[in-house]
Amino acid sequence: MRLGLMIDVDNCVGCHACAVACKSWNTSGTTGPLTDYMPHGEEPSGVWFNRIRHYEVGSYPDDNTVNLPMSCFHCKDADCVTVCPTGASWKREEDGIVLVDQDKCMGCNLCAWACPYGARELDRASGTMKKCTLCVDRIYDEALPPEERLPACVIVCPTHARLFGDYDDPDSEVSRRSRERNGYVMLPELGYEPTNQYLPPRSRPAIPIDELQARRQGPSTLPERLRRWVNRAIAR
Amino acid sequence: MKPALSLILFTVSSGAGLGLFMLLVLVNGLGIGPAMAPGEVMAAGILALALTVVGLVSSTLHLANPRNAIKAFNRFRSSWLSREGVLSLLFFPFALAYLVGVWSGGDAPPAWAQGAGIVALLLAAATVFSTGMIYASLKPIRQWHNPLVPAGYLLMGLATGGVLLSAVRVFGGAAPGPLTALTAGLLLAGGLLKLIYYFWIGRPAGPTLNAAIGFTGRRAHLLDVGHGHGTFLTEEFGHAIGPRASLVLRTFALVAGFLVPLLLLIALGSGDASPMVLGVLVVLSAFAGVLVERWLFLVEGRHVVNLYHGAQRT
Ligand code: SF4
Ligand code: SF4
């Protein structure tokens, strides 16, 4: 098995709900807490497993806003595990999940240096490295109803931009969508072979404007021309 | 990258200490220059071990959770940091055995001491090489992911060690003779290597912001980084310096670290000026230069995560 997430960039609206749900679940999970530094101070900051960044691709008017949530990609060839001197960072044989054993980590930061994707964050309070666990403490929990055995971020996403599944299984939803929609991984040239994939935006106009155009070219009756003139005058 | 003081002190101090020990075994074993008195060997040896220990202790200051430092020896087979730790610890018993042998054996140290010295030399070299490989093995930082890095660590460890050994010999009253020539050669090689390195990292290379987010074709830029007040990532990877400051500091590192010590050693070899003063000056200049060089090496490493934070290139 090779478990991972899939982000549909076409659907993601950049609301940060996944990051909040992640923090809320994981702060009392296996690698919790996710410490906040001065949460009520002037400059609050803290540990997060998932961060969302926003980009503009192209320039106006031919541009798109792209929201990119990023968490650990549970890479196949994970250098973060190779460089770890203590053995705290490890990759599970059975499902490929990369974890940090909080009892072994000495907080040397080397794994965070080795990760190209900024997926690891040191917790200053515990002195140990923390990162996405793929909700390993949810997805196998038989006390939960089967439909809830999913990472917290996947459950909460209001636009269904997040999927979870086994990339080794060619019939899984993530594998199928990857084939249909040209799923891609980030920075493949570095050779980490990330598991998590992204689905690029579909190419289609963002908002249908046919009706608008038809109206614009519509009959030029007097009231219509008057209305356009008023519109332009007010716009100025 | 963040230029952590603990890492600068560690690599400079341990590098010089291990370099000094390597040269001590070579100079004493091969009889380069006038024979070394056992007292001189001891002084150089103890200085080498002290610098190495200071460096290693300083490296533990870098750890956020030093309680688990002992576990760092666990992954010798995969991690260069673990290898460095194991090799540096193995170095000490052999180095001590060598010094004890030289001390007790006087002018003709026993064969086992010579053997221990050679093993210590090899372990010291392997330790410094591992230090370089910790950086060189990191693919996300293109300025570090390069064979010049471990080569540079070895050369600079040897050069600063040579500077120290020359000073020890001067204070021991001997004319260092061919040792100054050897050290001058190491300084020259080290300086040239850094020069090549600076040219090499100056060339734009590596992925762009577009490549990092997987959108090619139209140019992309950051709209919003998504966090308010800095994160672990910005603290650790957000450091950089401008081109002007970089040029000034690189020049200082090359001049103070390599050129001035080289000229001082030539003056020392010609025997005109007061050797003690020259001995002190050469050490001060070389270490000032190498400390700046190490600070620059760290701060000029640009992690690819900076692309996700809006940099167009690293
Ligand atoms: S994304 Fe980073 S932390 Fe996660 S497995 Fe890959 S290299 Fe390791
Ligand atoms: S910070 Fe912890 S998990 Fe990361 S490399 Fe160091 S010991 Fe391993």
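Model, not experiment: these values are computed from the prediction. Proteins come first, then strands; the chains are lettered A, B, ... in the order of their sequence lines, and each starts at number 1.
Here the shortest heavy-atom pairing between B/Pro207 and A/Glu189 reads CB-OE2, 3.8 Å. Across B/Gly230 and A/Ser45, no two heavy atoms sit closer than the pair O-CB, 3.4 Å.
Residues A/Met106 and B/Leu81 have side chains in contact (heavy-atom distance under 4.5 Å, counting atoms from C-beta outward). At least one side-chain heavy atom of A/Tyr55 sits less than 4.5 Å from a side-chain heavy atom of B/Leu209. Side-chain contact between A/Arg51 and B/Thr231 is present, with at least one heavy-atom pair separated by less than 4.5 Å. When side chains are defined from C-beta on, B/Ile213 does not count as touching A/Arg53, because their heavy atoms never get closer than 4.5 Å.
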- Query: Please walk me through it: do A/Leu110 and B/Leu138 pass side-chain contact (heavy atoms from CB on, under 4.5 Å)?
  - Reply: CA-CA 9 Å; A/Leu110 191 55; B/Leu138 295 170; 4.2 Å; yes

- Query: Does the pair B/Glu236 and A/Trp113 meet the rule for a side-chain contact (heavy atoms from CB on, under 4.5 Å), with working shown?
  - Reply: CA-CA 9 Å; B/Glu236 196 68 14; A/Trp113 295 4; 3.0 Å; yes

- Task: Would you check, one step at a time, whether the test side-chain contact (heavy atoms from CB on, under 4.5 Å) holds for A/Asn109 with B/Lys2?
- Result: CA-CA 11 Å; A/Asn109 284 353; B/Lys2 179 176 174 179; over 6 Å; no

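Residue B/Phe215 touches chain A through its side chain alone, counting heavy-atom pairs closer than 4.5 Å. With a 4.5 angstrom heavy-atom cutoff, B/Leu7 touches chain A only via side-chain atoms. With a 4.5 Å cut-off on non-hydrogen atoms, B/Leu233 touches chain A through its side chain but not through its backbone. Looking at B/Ile141, the atoms closer than 4.5 Å to chain A (heavy atoms on both sides) all sit in the side chain, from C-beta outward. Neither the backbone nor the side chain of B/Phe76 comes within contact range of chain A; no heavy atom of the residue lies under 4.5 Å from a heavy atom of that chain.
Of the listed residues B/Arg67, B/His309, B/His221, the one with more heavy-atom pairs under 4.5 angstrom with chain A than any other is B/His221. Counting heavy-atom pairs closer than 4.5 Å to chain A, the top residue among B/Gly301, B/Ser59, B/Gly217, B/Ser78 is B/Ser78. If you tally non-hydrogen atom pairs under 4.5 Å between each of B/Arg219, B/His227, B/His303 and chain A, the highest count goes to B/His303.
Partners of A/Arg181 by salt bridge (charged side-chain N to carboxylate O under 4.0 Å, His left out), not counting sequence neighbours, listed by chain and number: A/Asp8.
A donor-acceptor pair under 3.5 Å is formed between the side chain of B/Asn68 and the backbone N or O of A/Asp103. Judged by distance alone, with hydrogens and angles left aside, the side-chain atoms of A/His54 form no donor-acceptor pair with the main-chain N or O of B/Gly226 at under 3.5 Å.
Applying a 4.5 Å heavy-atom cutoff, none of the residues of residues 10-17 of chain B approach chain A.
Atom CG of A/Leu122 sits about 9.0 Å away from atom CG of B/Asn65, to the nearest 0.5 Å.
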